[in-house]
Amino acid sequence: MTGSNEFKLNQPPEDGISSVKFSPNTSQFLLVSSWDTSVRLYDVPANTMRLKYQHSGAVLDCAFYDPTHAWSGGLDQQLKMHDLNTDQENLVGTHDAPIRCVEYCPEVNVMVTGSWDQTVKLWDPRTPCNAGTFSQPEKVYTLSVSGDRLIVGTAGRRVLVWDLRNMGYVQQRRESSLKYQTRCIRAFPNKQGYVLSSIEGRVAVEYLDPSPEIQKKKYAFKCHRLKENNIEQIYPVNAISFHNIHNTFATGGSDGFVNIWDPFNKKRLCQFHRYPTSIASLAFSNDGTTLAIASSYMYEMDDIEHPEDGIFIRQVTDAETKPKKHLLSQYL
Amino acid sequence: MTICHFFLQGRCRFGERCWNEHPRGGGRSGPAAGGWGAHNQRYTNVVQPSNFSKPTAWGGSRDDGKAFFGPSIDSGAPGSGNKSSGFSQNRFSALSSEQNIGNSYRDEEEKLLEGIIKDMEVWESSGQWMFSCYSPMKEKPNISGFPDFSPEELHLEYYNCRANNNIQNYINSVQQLVNQWRNRLLMLKTLNTSTKAALVSELKNVVSQPLPAFGFGGQQTSTFGSSGFPLSSSSSRSASSSSFKSNTELVSPSSGSTTAFGSSSMVPNPSALGVTSSARSAPSIGFGSQPASSAASFSFKKPETTGGFGASGFSGFGSSSAVNLSSTTSLPAFGAVNAAVAAPSSEPGNSLFGRSLNAFGYNVAPAPPAATSIVTSDKLFTPKTDLSPEELKQFEAKKFTLGKIPLKPPPIELLNV
């Protein structure tokens, strides 16, 4: 099924995969966090696992601070930093409930974590230590960094935009334009806005600039829905990842499909073959040449027999990821 | 007047100016190039200007994916859907064709309710994730009775139960949640008058409804605790406070006090509290939920206006224990709230404490608040003696320092109302 441009990673995690992230400066290394409580580092071209370290509970998210340091957090509520060269581990801090998201902001040089304890915490990666705790109105489900801003998606369909340099107040309080639970938010590399997906097979493209002319441009579309027996089955869109250069994005849903979208022309560029099971996470490499696809059953329907979880590495081409017409006027 | 037979074919060039009669509700076959502008492909019913009723702002059409979100795209298709040409008639065209213009005047609410019914039907049949909040339309609040759980949270519960060899428990709890969801869904699908009234008032942010019967409490973020994941607390979390933290909105299932809450007079208009946040936020146990975090900063959590637990009480508490950082809440405002909140009854205060204590140990029966032999109003302030010197210093300072904001409410002596 996999073509020559795609292969499956060896030694995958032994349980569900929660997150995949590429190293910031190379497409060679991929960090993978999993429900088997491990965080693994893979050498992608060589298709080997280089390193593995453990948490005491399932790991829900991981992120690179720099090419040699990985941060991860999960159900054990602990935020760990791991030096990938020396294999040294460091317990940086904790939350009061499972940590759901871990991200890095290069512009402000902070690590950000979001948790089900309804807070977002900032961490100084150099010391490393806690640089502040900030209450959110609800459990944090997803977050994304855009320049020096932080976009947080919580339960109850709330979206908050924070200025990382001034966390004294929330810069923008919004509501998701979608009617159902937010699943994932990712910011545009061009920092103009963000993409939000819900459990209802829908994705919304939103802009950060609050002025009405810009806000008029926002829109939403349906995706990851399949018609079976004439009834439409609706799947959550679990993962979004942006192509850094083209500003196009890929979405992965529980239907097992990955689509690539052009937000400016509002077209779908490409759909890959169906993967064995739900897509849990997606990551484009920094240069946009490679896409890591974590196909991992997410227990949407309890414990049933499900195909094996796996991570697929796919080389993507411009044809699949580049917008068709270069309508510069549509880029803000 | 003679009936314009071009109009009957859907292609009258003169439109409104036409000297012949354009019968309402009649004559639609696929118009090709219409007199009303070539882009108006789906223009069907014409409206005699005199009948021109509700123009714009008809949210929530049936065509849920399109008119709702503006230009929407289907996978691969060029941007189709309603082009909002500014013609109000466009909205009409989005409606089902059977609709007679005569009946076309509809309350926005009715449209909303229709939209809700449709959404419920789709939700049920599509295998969509059940444990999600729901709002019928942009800028409308979430409808109560649909708590938000992400798949990972359920997965976590499953793992905890599996670790304790208690999968049955998990299955039961999920089943219970599913049943509650289904009930709520049915309620909304078969809108009888009482549900309708409740919904309408909810959507207008007016609090009048009693708690829904099935005891989930109509809270957006009520959690597992109530539906019986008791094991999770002991197994995975170390401190009970941290487990509590992850289940802040603990809905005490059986307590009769809930109804007392639900129907007690709700919070005086939240805006009176001078907080600049948007519509509403879920209630939080402002007190109990942050004991473990040290020097945490809080944002003011406004109570859920839709029949949340002791919403009034919460607002008082919330503001007492924290200062909103964004904030326009100043202590005088707090003082004012205090008066308003203390007014309804002493019930909220005492039982709230009972609740927060309750939440520390999961299924503890709501005990009479042991620690709270004091009168209500005292819970909104701490006696000076109870404060540590650090906290006292903070209260006495002109402004709170980030990271050092005390968790206890301020002492009454320091308030300048």
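All of these numbers come straight from a predicted model, not from anything done at the bench. Below, each value reflects all heavy atoms present in this structure, side chains not excepted, and no hydrogens, waters or symmetry copies.
- Neither the backbone nor the side chain of A:Tyr235 comes within less than 4.5 Å of any heavy atom in chain B.
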Could you check B:Glu152 against A:Arg100 for salt bridge (Lys or Arg N to Asp or Glu O under 4.0 Å), going step by step and ending with a plain yes or no? CA-CA 9 Å; B:Glu152 287 79 26; A:Arg100 178 68 184 89; 3.4 Å; yes
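- For A:Asn130, no part lies under 4.5 angstrom from a heavy atom of chain B.
- Between A:Phe264 and A:Asp262, the closest side-chain pair of non-hydrogen atoms falls below 4.5 Å.
- When heavy atoms are compared at a cutoff of 4.5 Å, A:Ile199 approaches chain B by way of both its backbone and its side chain.
- Contact annotation for B:Tyr159: only side-chain heavy atoms (C-beta onward) come within less than 4.5 Å of a heavy atom of chain A.
- Classified by interplanar angle (parallel below 30°, tilted 30° to 60°, perpendicular above 60°), the ring pair A:Tyr180/B:Trp123 is perpendicular.
- Between B:Tyr158 and B:His155, the two ring planes are tilted [angle within 30° to 60°].
- Contact annotation for A:Arg183: only side-chain heavy atoms (C-beta onward) come within less than 4.5 Å of a heavy atom of chain B.
- With a 4.5 angstrom heavy-atom cutoff, A:Glu232 touches chain B only via backbone atoms.
- Inter-residue side-chain proximity for A:Phe221 and A:Lys266 is flagged as unmet; no heavy-atom pair is nearer than 4.5 Å.
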